[in-house]
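Remarks on the structure that follows.
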Amino acid sequence: MSSHFSPKTHLADLFTQALAQFPQALDIAIELERPKQASHGDFACNAAMQLAKVLKRNPREVAQSILASLPASAWVEKSEIAGPGFINVFLKPAAWQRVATDILREPESYGRGDARRGGKVQIEFVSANPTGPLHVGHGRGAAFGASLANVLTHVGQQVYREYYVNDAGRQMDILALSTWLRYLALCGEFVPFPGNAYQGGYVGAMADSIYALHAERYKRAAAEIMAGVPDAAADDEAHLDALIAKAKALLGPDYAYIHGHALEEQLGDCRNDLTEFGVTFDKWFSERSLHESGLIDRAVEQLRTHGHLYEQDGALWFRSTAFGDEKDRVVRRENGIYTYFAADIAYHLNKFERGFERVVDVWGADHHGYIPRVKGALAAAGVDPERLTVALVQFAVLYRNGQKASMSTRAGEYVTLRDLRAEVGNDAARFFYVLRKSDQHLDFDLDLAKSQSTDNPVYYIQYAHARICSVLAAWGGVESDLIGANTRLLTHAQELALLRRLGEFPETLANAARDLAPHLVAYYLKELAADLHGLYVACRFLEENQELKLARLALIAATRHVLRAGLGMLGVSAPAKM
RNA sequence: GCCCUCGUAGCUCAGUGGAUAGAGCAUCCCCCUCCUAAGGGGAGGGUCGCAGGUUCGAUUCCUGCCGUGGGCGCCA
């Protein structure tokens, strides 16, 4: 629970009292919004217009009744009826002026909200196959998920970050095979490398390390491997699967070593990459563990006892159409092996069994068709599907010199997250990734991200922070001495604008948390920085007048806290000097 | 074909069931004897894709159409 004064919460209380005379008001969405125009006051309430509908009365008349019973407040200058029936409230400057010292008194918890719904929430993101380096698409999911998790944490929710490791499927087998084939070449055994195997240089690097460690221990004859394998030209997927089967058969228990080595290498690389990017997880959840622990068997049994499964063509199907899906889905193949979907059902049921009240999955937008079946499975198992929210993240397209720097997934020649971080830096990458709504296609301008100019929003915001640091350093005092500053002296238009902006921070965070929209924080920070720069030009801080000086320093010190908090949530540094 | 997403200023994008729809860039004009000009002020620029519907009020919600991107595996 935050002890900070909130003008909006205060007004909401007043209106709740005034609306007690209308029982109908309970069913109506009463909004207190910040009008676009200053002449419409600090807050506008639409209650009268909403009530007029159900009461079948004139909205301005209803507004009159509400206004008459609105309790008096020391913070309200005046309230008036305007337009079709808005109640516009004008606050006294004191309501905003106190915000600055209020923040300084308890900076860490500013924006915390009342956390009344601070339940346990799990957020699963990235979850890329550990079959190669992360690319720029994964980077967006990482930046989005990490920022969102930070926002949710800041508003008081108990957030648990998780990465689902797809260590059980065919893709991992393909990686293991690819590594082995490269290794065999080092041993002088040449099996034609399939075009649909993993082509990236990192595969060869893993083969090198295995050869360095174990020499020819895993060598098998090429002729033996190729024997009976169908021609790639006829069916390249069948060809690949046959090679995987051969690898497993010929290597026996040694296959697990190759597979495990590849997994460890790639997962480790991925973890390092993300850690450097400021993205960390509480748990890396293994898909294979679901198979081994029997959780999949249990989940499937659960669906079966509820009568949602049937057998057809030798496979086991989930009747997902009963829950709004387009078609039914296979959970266990004809060959007896569970599908990826079966594991995902078990995983999602497990999430809720672990006590998370709410689960957020961050997926690439190309997986949107997958949502109905997962929600369907939850519903079939008796879990309210509303407790799962899937946030879709669209692809990012890089632009350099105004040209698309397109990433081709073919031949492993895609732009990696590491490349991007090396080129523009972590700060710019983190910020640009969340500068768009997540479900919006992102044009990532590499030149702008790199430019150290006013055009670059990252530098613009960081510069505001550095400017404040510079002024406070020149002053040389201790911040805690500013808590007692007389903020009533902050009457300049730029000062009030900045104060109001600081007052918006809790609402911005609440909205960002509600809508799973960290980009709102990025936009807020741009506006906050603009207000700071505006004030910087308009007023001197290191004033002759001691009282005014302290008041202004209190204002910018408070601003510094909010800038730091916001940038911190987005994973962007707040340098003291630039 | 079916499903999802998006369509807002020249460009890149915010925004909202409300009052005169915003920002940055680009274009034009202006501001440093002063705490960082990596800054600030001003001007021009719009049929919120099109057409219906719901509503006191729609750019926002619903339907259709057009356009963008994506998805429609016993892959993961």
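Labels below follow one simple rule: chain letters A, B, ... track the order of the sequence lines, proteins then strands, and each chain is numbered from 1.
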Give the intermediate values and the outcome of side-chain hydrogen bond (donor to acceptor under 3.5 Å, both in side chains) for residues Asp427(A) and Gln462(A). CA-CA 10 Å; Asp427(A) 285 346; Gln462(A) 289 180 323; 3.1 Å; yes

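- Separation of the C1' atoms belonging to G24(B) and G40(B) is 15 Å when rounded to the nearest angstrom.
- G40(B) atom P lies 17 Å from atom CD of Glu495(A), rounded to whole Å.
- Residue Leu520(A) is in sugar-phosphate contact alone, with no base atom involved, counting any heavy-atom pair closer than 4.0 Å across all strands shown.
- Rounded to whole Å, the distance from CG on Asp443(A) to P on C6(B) is 16 Å.
- The residues Lys351(A) and Glu124(A) are annotated as salt-bridged, a charged nitrogen and a carboxylate oxygen being separated by less than 4.0 angstrom.
- Between Tyr370(A) and Tyr340(A), the ring planes lie tilted relative to each other; the angle falls in the 30° to 60° range.
- Summarising the base pairing, G45(B) is matched to no nucleotide, lacking a Watson-Crick or G-U wobble pair whose two defining distances lie under 3.5 Å.
- Donor-acceptor pairing under 3.5 Å, judged by distance alone, is absent between the side chain of Asp455(A) and the base of A26(B).
- Nucleotide U33(B) forms no Watson-Crick or G-U wobble pair with any nucleotide shown, as no partner meets the under 3.5 Å limit on both distances.
- Each of Gly83(A) and Gln440(A) was assigned the nucleotide of RNA chain B with the nearest heavy atom; the assignment lying further toward the 5' end belongs to Gln440(A).
- Remark: the separation of the C1' atoms in G46(B) and A14(B) is 15 Å, to the nearest Å.
- Dashed line: the shortest gap from a side-chain N or O of Lys36(A) to OP1 or OP2 of A19(B) is under 4.0 Å.
- The separation between Tyr524(A) atom OH and G24(B) atom P is 17 Å, rounded to whole Å.
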Which donor-acceptor pairs under 3.5 Å do the side chains of residues 388-400 of chain A make with protein atoms, sequence neighbours left out?
unit_1, atom_1, unit_2, atom_2, d
Arg400(A), NE, Glu423(A), OE2, 3.4
Arg400(A), NH2, Glu423(A), OE1, 2.6
Arg400(A), NH2, Glu423(A), OE2, 3.2

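- Relative orientation of the His519(A) and Tyr523(A) rings is perpendicular, given thresholds of 30° and 60° on the angle between their planes.
- Side-chain N or O atoms of His239(A) include one that pairs as donor or acceptor with a backbone N or O of Pro230(A) at under 3.5 Å.
- Separating the P atom of U55(B) from that of C62(B) is a span of 16 Å, rounded to the nearest Å.
- Looking at heavy-atom distances under 4.0 Å, Tyr523(A) makes contact with sugar-phosphate atoms alone, never a base.
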What does nucleotides 69-76 of chain B look like as a protein-contact string, B for base, S for sugar-phosphate only, - for none, at under 4.0 angstrom between heavy atoms? SBSS-BSB

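- No donor-acceptor distance shorter than 3.5 angstrom exists from the side chain of Arg373(A) to the backbone of Ser320(A), with no hydrogens or angles considered.
- G45(B) and A23(B): their P atoms are spaced 14 Å apart (whole Å).
- In this structure a side-chain-to-backbone donor-acceptor pair under 3.5 Å is present from His533(A) to Tyr460(A).
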Please tabulate, one pair per line, each protein N/O and nucleotide N/O from nucleotides 56-58 of chain B that are separated by under 3.5 Å, including the distance.
none

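- Taking atom C1' on both nucleotides, G53(B) is separated from G44(B) by 37 Å, rounded to a whole Å.
- In this structure, A58(B) makes no Watson-Crick or G-U wobble pair, since no nucleotide meets both defining distances under 3.5 angstrom.
- Pairing of C13(B), defined by two Watson-Crick or G-U wobble distances under 3.5 Å, is identified with G22(B).
- Between Tyr347(A) and Tyr164(A), the ring planes are parallel. Angles under 30° get that label, and only those over 60° would be called perpendicular.
- A38(B) is unpaired under the Watson-Crick or G-U wobble criterion, no partner having all donor-acceptor distances under 3.5 Å.
- Put simply, CG on Leu420(A) and CZ on Phe432(A) are 10.5 Å apart, with the number rounded to the nearest 0.5 Å.
- Salt bridge annotation for Lys549(A)-Glu547(A): absent, with no cationic side-chain nitrogen under 4.0 angstrom from a carboxylate oxygen.
- Residues satisfying the side-chain hydrogen bond (donor to acceptor under 3.5 Å, both in side chains) test with Glu237(A), not counting sequence neighbours, are Arg170(A), Asn196(A).
- Nucleotide G64(B) has C50(B) as its partner under the Watson-Crick or G-U criteria, with both atom distances under 3.5 Å.
- Asp447(A) meets the side-chain hydrogen bond (donor to acceptor under 3.5 Å, both in side chains) test with no other residue; sequence neighbours excluded.
- Using C1' as the reference atom, G42(B) and U5(B) are 39 Å apart when rounded to the nearest Å.
- Classification of C32(B) as syn follows from a glycosidic angle within 90° of 0.
- Here, G64(B) and A76(B) have their P atoms 35 Å apart, quoted to the whole Å.
- With rounding to whole Å, Asp427(A) atom CG is found 15 Å from A38(B) atom C1'.
- In the displayed structure, Glu544(A) atom CD is contacted under 6.0 Å by at most 12 heavy atoms of other residues, nucleotides or ligands.
- Distance CG (Leu532(A)) to C1' (A38(B)): 13 Å, rounded to an integer number of Å.
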A correct 5'-to-3' footprint of nucleotides 30-37 of chain B, with B, S and - meaning base, sugar-phosphate only and no protein heavy atom under 4.0 Å, is ----SBBS

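- Contact annotation for His533(A): backbone-only contact, meaning every heavy-atom pair under 4.0 Å involves sugar-phosphate atoms and none involves a base.
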